[in-house]
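Written below as structure tokens is the structure these notes are about.
In what follows, chains carry the letters A, B, and so on, assigned in the order in which the sequence lines appear, proteins first and then strands, with residues in each chain numbered from 1.
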There are 2 protein chains.
Amino acid sequence: MSANRPRASYHHGSLRETLVRACLELIRAEGIGAVSLRRVAREAGVSPGAPYHHFPDRAALLTAIAGEGFAMLEERLVDARAAAPSPSAALTALTETYVRFAHEQPAYFHLMFRPELAHPDKDEAAKEAADRSFQVLCDTVADCQRAGDVPAGDPGPLVTALWALAHGLASLWVDGPLDGRAKGFAGSTEALVAQVAQGVAAVLAGAARAGVRLGP
Amino acid sequence: MSANRPRASYHHGSLRETLVRACLELIRAEGIGAVSLRRVAREAGVSPGAPYHHFPDRAALLTAIAGEGFAMLEERLVDARAAAPSPSAALTALTETYVRFAHEQPAYFHLMFRPELAHPDKDEAAKEAADRSFQVLCDTVADCQRAGDVPAGDPGPLVTALWALAHGLASLWVDGPLDGRAKGFAGSTEALVAQVAQGVAAVLAGAARAGVRLGP
DNA sequence: TGACAGGTCTATGCGGCGCTTAGATTCTGA
DNA sequence: TCAGAATCTAAGCGCCGCATAGACCTGTCA
């Protein structure tokens, strides 16, 4: 960043935004472990105390970024659903989109789901974006049930399973363990994720045909 | 711990083990964020430098604990599979066991899957326990395919999906986001997890009956 | 028995961390 | 125009991981 280039004026002008960008770049380049407020301030070219005029503490900066992440994820999920030609294809697309988001934006993904780093559950905007994302999944499952593409009955376990499946794939990929095993299965993790997402839709459709009914 | 009770002798005797226990207790009581080598040493009643005679750095202590975790998880998975009356029941039991382990031992679970904390992939014993755990899942899926309880064909995507499903449920539960949504679905997260695990087996069985075949 | 080597622990110090406080500088609007 | 608000710097607190040097204990072997 602009650590060496001195600012023109005493006041930065858009320090808050600059800090957020510097933080993201730092996570991208050196991982979550390298993130400190002092370091972020240094990268942004300001004194170590400056960030505290924009964020009450370190977690607040990270929470702001997490909120951005939830908004980005929601947008991608909405677009993926809208672009899909059928409810079943939408379900597959949601899984792939969730996992791809995590893989392309691991910095956001980490901050969104690590309570020791950020607290998006205490941020109204982040919570609402997360709720709307979840609703996209619920609506898509309802579409699928109406179309007979997935088993009828209580959608709760199905929605939970689909969320957990996508989140598990994303976590295992981003944090490392999946890559090694994927090579033996499908050549690449991308290919394996696609196979899984499509396989799930096929299995759910088959179960629906077989008359399986979900429920407590 | 024994911070206030002075040791009888200059040498501790079993400091390594004491540090591991103190670290686990610290994570349990105050979370991962509270773990520092100095703090662990204080809880164990030794000087801040003492741990470095047993672990080269902080990550090594955490990696040792992660290795223990993989061994514990493997044992539980092996037992769960052995106790199940059928291949299909074994599959359900594996999911429930994985998720329950994470919920009951979040300290271990975190250390096993957070590369910024520990590096179990660089620990031979941990890697082997993880491989054996994965093999338990592969074997169980193979049993299910032979019994016709899950679709035939390439087991890769299925094994991956089941692992990701369990890991996603575990992560979402341990890190918070699942609890809120589960209340609306099944009353409690435990109940929801059970419903999901059983639902998955039912859906897979239905898909097998419908003649679904997995594969690239 | 006693010297000594090696393992285990303490003491001290380095730079970096989150966060606080006090004070300097700039911007804003009455 | 000018006071007050907003933004930034400087300095300091106790904590951290880790390195080094030295104190202590214990097992070993002459």
Side-chain angles (χ1 to χ4, degrees), chain A residues 1-23 26-27 29-66 111 114-119 122, chain B residues 1-23 26-27 29-65 111 114-119:
Chain A
M1 301 296 291
S2 58
N4 301 326
R5 160 165 38 99
R7 291 194 308 287
S9 71
Y10 186 88
H11 282 182
H12 184 286
S14 57
L15 181 54
R16 190 190 153 101
E17 183 59 21
T18 301
L19 290 169
V20 168
R21 295 305 136 210
C23 184
L26 191 55
I27 303 177
E30 303 183 29
I32 280 282
V35 172
S36 71
L37 264 198
R38 294 178 101 108
R39 177 75 189 280
V40 170
R42 215 179 305 140
E43 301 290 336
V46 294
S47 75
Y52 290 92
H53 294 277
H54 297 271
F55 302 97
D57 56 20
R58 182 187 122 117
L61 166 61
L62 300 180
T63 298
I65 299 180
L111 295 178
R114 304 232 160 152
E116 76 271 23
L117 295 175
H119 308 289
K122 288 172 191 158
Chain B
M1 302 297 293
S2 57
N4 302 326
R5 159 165 39 99
R7 292 194 308 285
S9 71
Y10 186 89
H11 283 183
H12 184 285
S14 58
L15 180 54
R16 189 191 154 101
E17 183 59 21
T18 301
L19 290 168
V20 167
R21 295 304 136 213
C23 184
L26 190 55
I27 302 177
E30 303 183 29
I32 281 281
V35 173
S36 71
L37 265 198
R38 294 177 101 109
R39 177 76 188 279
V40 169
R42 216 179 304 140
E43 301 289 336
V46 294
S47 76
Y52 289 92
H53 294 278
H54 297 272
F55 302 97
D57 56 21
R58 181 189 122 115
L61 165 61
L62 300 180
T63 298
I65 300 179
L111 294 178
R114 304 232 159 153
E116 75 271 22
L117 295 174
H119 308 288

Within this structure, what is the [atom1]-to-[atom2] distance between [X] and [N], rounded to whole angstrom?
X	N	atom1	atom2	value
Leu15(B)	dG7(C)	CG	P	16 Å
Leu19(B)	dC9(C)	CG	C1'	12 Å
Glu116(A)	dG18(C)	CD	P	15 Å
Arg16(B)	dC9(C)	CZ	P	13 Å
Glu30(A)	dG16(C)	CD	P	14 Å

Item to check | Which atom of Ala41(A) lies closest to which atom of Ser47(A), heavy atoms considered | outcome: CB-O, 3.6 Å

Within-4.5 Å side-chain heavy-atom neighbours: [X] and [Y]:
X	Y	result
Ile27(B)	Leu111(B)	yes
Glu116(B)	Arg114(A)	yes
Arg39(B)	Glu30(B)	yes

Indicate every side-chain donor-acceptor pair of residues 57-64 of chain A with a distance under 3.5 Å to a residue at least two apart or in another chain.
residue	atom	partner	partner atom	Å
Asp57(A)	OD1	Ala59(A)	N	3.3
Asp57(A)	OD1	Ala60(A)	N	3.0
Arg58(A)	NH1	Val35(A)	O	2.5
Thr63(A)	OG1	Ala59(A)	O	2.7
Thr63(A)	OG1	His119(A)	N	2.9

Checklist entry - Which distance, rounded to the nearest 0.5 Å, do you find between the CZ of Arg42(B) and the CG of Leu37(B)? => result 11.5 Å

Between the protein and nucleotides 13-18 of chain D, list every N/O to N/O distance that falls short of 3.5 Å.
residue	atom	partner	partner atom	Å
dC16(D)	OP1	Ser36(B)	OG	2.9
dC16(D)	OP1	Arg42(B)	NH2	3.3
dC16(D)	OP2	Arg42(B)	NH2	2.6
dG17(D)	OP1	Leu37(B)	N	2.5
dG17(D)	OP2	Leu37(B)	N	3.1
dG17(D)	OP2	Arg38(B)	N	2.9
dG17(D)	N7	Arg38(B)	NH1	2.4
dG17(D)	O6	Arg38(B)	NH1	2.8
dC18(D)	OP2	Tyr52(B)	OH	3.3
dC18(D)	OP2	Arg58(B)	N	2.8
dC18(D)	N4	Arg38(B)	NH1	3.3

Checklist outcome for this item: Between His53(A) and Pro51(B), the residue closer to the 5' end of DNA chain C by nearest nucleotide is Pro51(B)

Checklist entry - So, is His54(A) close to the dA6(D) phosphate, meaning a side-chain N or O under 4.0 Å from OP1 or OP2? => result no

